[in-house]
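Below you'll find the structure, written out as structure tokens, and then a few comments.
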Amino acid sequence: MINRYSLVDDESGLTIGRSLDLVGLTGKLIETVGDENFHKIMLIHFRYNVEFVAYCKEKKFSINNIEITILDHEENSIGSYYFVLREPLSYNRFTEFNEVLTQFELVGDLSQMATEESMLIWNMRRKPLAKTNEWVGLSLEQRIGWLEVARLYRGTQLHSQERQNGIYQMDATNIEDSSSFYCALGEAINGPGGYYGFNLDSLADSLCGGFGAIAPFVLVLQNVNHEWCSNDSYFQQLKEVLADGNVTLVYS
């Protein structure tokens, strides 16, 4: 069976182990200790990594912070959520490592909680997207989840191939609000499932570099809903951010 999640020690980068499933990444599982509430993560059918076990047999090892990673269909990491443990996990050569733990529990704090919608999108992204517009037909909440996953996704992106003065074709057929605009913009810049901002501030940041295209560049809007462009106040703000960032909008 294919593992869907893994735990990685934030300090050393060692993979602690992998699991078939987990519960709690949305922050809804709460563990109360004294008068404090903590998040609980339950990993289902968890196996320790062979290399990690060997390392712990050689020296004492303590873990304070963990990356809970989402794995693709080949068990490669495609994204992660940061988890601060309430108490460190300690291992040494005397630790008994069971072959499989039916449930492995972590108690601490999630720096960012996943939404139910983003969990659905992560499952969609376990295999590479073959085409754009897979987000079309999703609800508003699911499109917001799509943008969250696009922002956190570690798969093949164009961030290492940044360029200025590019010309990007953006299909505006399915744009009806700000969330669908950012879904389409991310794909115009970085291909299927790509990311290039999710609000005005992150869009302005993206224009400065690190996300596949650096201004100045040209954005060609195809099949534009001119009524939406003319009457939507948010689109007017978008145009201002793009103009201030030295992006030329062309309508076709």
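Heavy-atom basis, side chains included; hydrogens, waters and symmetry copies ignored.
Taking the centre of each ring, Tyr196 and Phe198 stay at or above the 6.0 Å mark. Between Tyr55 and Tyr91, the gap from one ring centroid to the other reaches at least 6.0 Å. Remark: aromatic rings of Tyr182 and Tyr195 are distant, center separation not under 6.0 Å.
In terms of heavy atoms, Leu22 sits closest to Ile68 at CD2-CG2, 3.7 Å. Nearest heavy atom pair, residue Ser77 against residue Thr69, reads OG-CB, 3.7 Å. In terms of heavy-atom proximity, Leu110 sits nearest to Gly24 at CD1-O, 3.7 Å. What you find for Glu75 and Asn3 is that their closest heavy atoms are OE2-N, 3.0 Å. Summarising the geometry of Ile44 relative to Ser19, their closest heavy-atom pair is O-CB, 3.3 Å, with the distance given to 0.1 Å. Shortest non-hydrogen contact noted between Pro88 and Ser62 is CB-OG, 3.5 Å.
Using a 3.5 Å distance cut-off with no hydrogens or angles, the side chains of Tyr82 and Asn65 do pair a donor with an acceptor. Looking at Trp146 and Glu134, their side chains never bring a donor and an acceptor atom within 3.5 Å of each other. Side-chain contact of Ser202 with Asp205: a donor-acceptor pair under 3.5 Å is absent, judged by distance alone. Between the side chains of Thr15 and Ser6, no donor N or O sits under 3.5 Å from an acceptor N or O. Side-chain contact annotation: Ser80 with Arg154, donor-acceptor N/O pair under 3.5 Å present.
At a threshold of 4.5 Å between non-hydrogen side-chain atoms, the residues Val8 and Ile66 do not count as touching. The side-chain heavy atoms of Glu99 and Arg47, taken from C-beta on, include a pair separated by under 4.5 Å. Two residues are said to be in side-chain contact when any heavy atoms from C-beta on lie closer than 4.5 Å; Asp177 and Tyr234 fail this criterion. Looking only at side-chain heavy atoms (C-beta outward), Ser118 and Tyr81 come within less than 4.5 Å of each other. Within the 4.5 Å cutoff, the side chain of Leu106 has heavy atoms near those of the Leu43 side chain. Annotation: side chain of Glu187 is in contact with side chain of Trp135 (closest heavy-atom distance under 4.5 Å). For the pair Asn174/Asn133, a side-chain contact is recorded, criterion being any heavy-atom separation below 4.5 Å from C-beta on. Side chains of Leu7 and Phe104 form a contact here, defined as non-hydrogen atoms less than 4.5 Å apart.
With sequence neighbours left out, Glu74 forms a side-chain contact (heavy atoms from CB on, under 4.5 Å) with Asp72, Asn76. Residues satisfying the salt bridge (charged side-chain N to carboxylate O under 4.0 Å, His left out) criterion with Glu116, sequence neighbours excluded, are Lys28. With sequence neighbours excluded, the residues forming a side-chain contact (heavy atoms from CB on, under 4.5 Å) with Asn223 are Asp171, Thr173, listed by chain and number. Under the side chain to side chain donor-acceptor pair (under 3.5 Å) criterion, Glu105 pairs with no residue at all, not counting sequence neighbours.
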Side-chain donor-acceptor contacts of residues 243-252 below 3.5 Å, not counting sequence neighbours, with atom names and distances?
none

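To the nearest 0.5 Å, atom CZ of residue Phe235 and atom CG of residue Leu242 are 8.0 Å apart. Taken to the nearest 0.5 Å, the CD1 atom of Ile175 stands 8.0 Å off from the CG atom of Leu185. Asp232 contributes atom CG, which lies 9.0 Å from atom CD of Gln237 (distance to the nearest 0.5 angstrom). Atom-to-atom distance recorded for Lys40:NZ and Thr32:OG1 is 9.5 Å, nearest 0.5 angstrom. Atom SG of Cys56 and atom CZ of Phe61 lie 6.5 Å apart (nearest 0.5 Å). For the atom pair Asn123 CG and Ile70 CD1, the distance stands at 9.5 Å (nearest 0.5 Å).
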Inset, instruction - Could you check Ile63 against Ile16 for side-chain contact (heavy atoms from CB on, under 4.5 Å), going step by step and ending with a plain yes or no? - result: CA-CA 10 Å; Ile63 298 170; Ile16 303 164; 3.5 Å; yes
Inset, instruction - Assess whether side-chain contact (heavy atoms from CB on, under 4.5 Å) is satisfied between Asp109 and Phe83, documenting all intermediate values. - result: CA-CA 6 Å; Asp109 290 304; Phe83 193 80; 5.9 Å; no
Legend entry - Verdict with reasoning, Met170 to Gln222, per side-chain contact (heavy atoms from CB on, under 4.5 Å): CA-CA 6 Å; Met170 177 173 163; Gln222 302 171 324; over 6 Å; no
Inset, instruction - Please assess Met119 against Leu25 for the test side-chain contact (heavy atoms from CB on, under 4.5 Å), listing each intermediate value before the final yes or no. - result: CA-CA 9 Å; Met119 294 300 292; Leu25 205 52; 3.9 Å; yes
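For the pair Arg18 and Tyr5, the NZ or CZ position fails the cation-pi test of under 6.0 Å to the six-membered ring centre and within 45 degrees of the ring normal.
With Gln142 contributing its side chain and Ser139 its backbone, the two residues share a donor-acceptor pair below 3.5 Å. Without hydrogens or angle criteria, Asn92 side chain to Phe94 main chain gives a donor-acceptor distance under 3.5 Å. Arg126 places a side-chain N or O within donor-acceptor distance of the main-chain N or O of Leu71, the cut-off being under 3.5 Å. Looking only at distances, a side-chain donor or acceptor of Lys57 sits under 3.5 Å from a matching main-chain atom of Thr95.
Applying side chain to side chain contact (heavy atoms under 4.5 Å, CB included) to His39 and the options Thr26, Ile30, Leu29 leaves one that passes, Ile30. For the pairing with Arg143, the salt bridge (Lys or Arg N to Asp or Glu O under 4.0 Å) check across Glu117, Glu148, Glu176 returns one residue only, Glu176.
In this structure, Glu11 places its CD atom where only 12 or fewer heavy-atom neighbours from other residues, nucleotides or ligands lie under 6.0 Å away. By the 6.0 Å contact criterion, CD1 on Ile2 is open, its count of non-hydrogen atoms from other residues, nucleotides or ligands being 12 or less.
The hydrophobic clustering, which links ILVMFWY residues whose side-chain heavy atoms are closer than 4.5 Å, places Ile121 and Leu140 apart. Val100 and Phe97 are assigned to two separate hydrophobic clusters, defined by single-linkage of ILVMFWY side chains at heavy-atom distances under 4.5 Å.
In the hydrophobic clustering, Phe38 connects to Val33, Val107, either directly or through intervening members, whenever side-chain heavy atoms lie under 4.5 Å apart.
Classified by interplanar angle (parallel below 30°, tilted 30° to 60°, perpendicular above 60°), the ring pair Phe46/Tyr48 is perpendicular.
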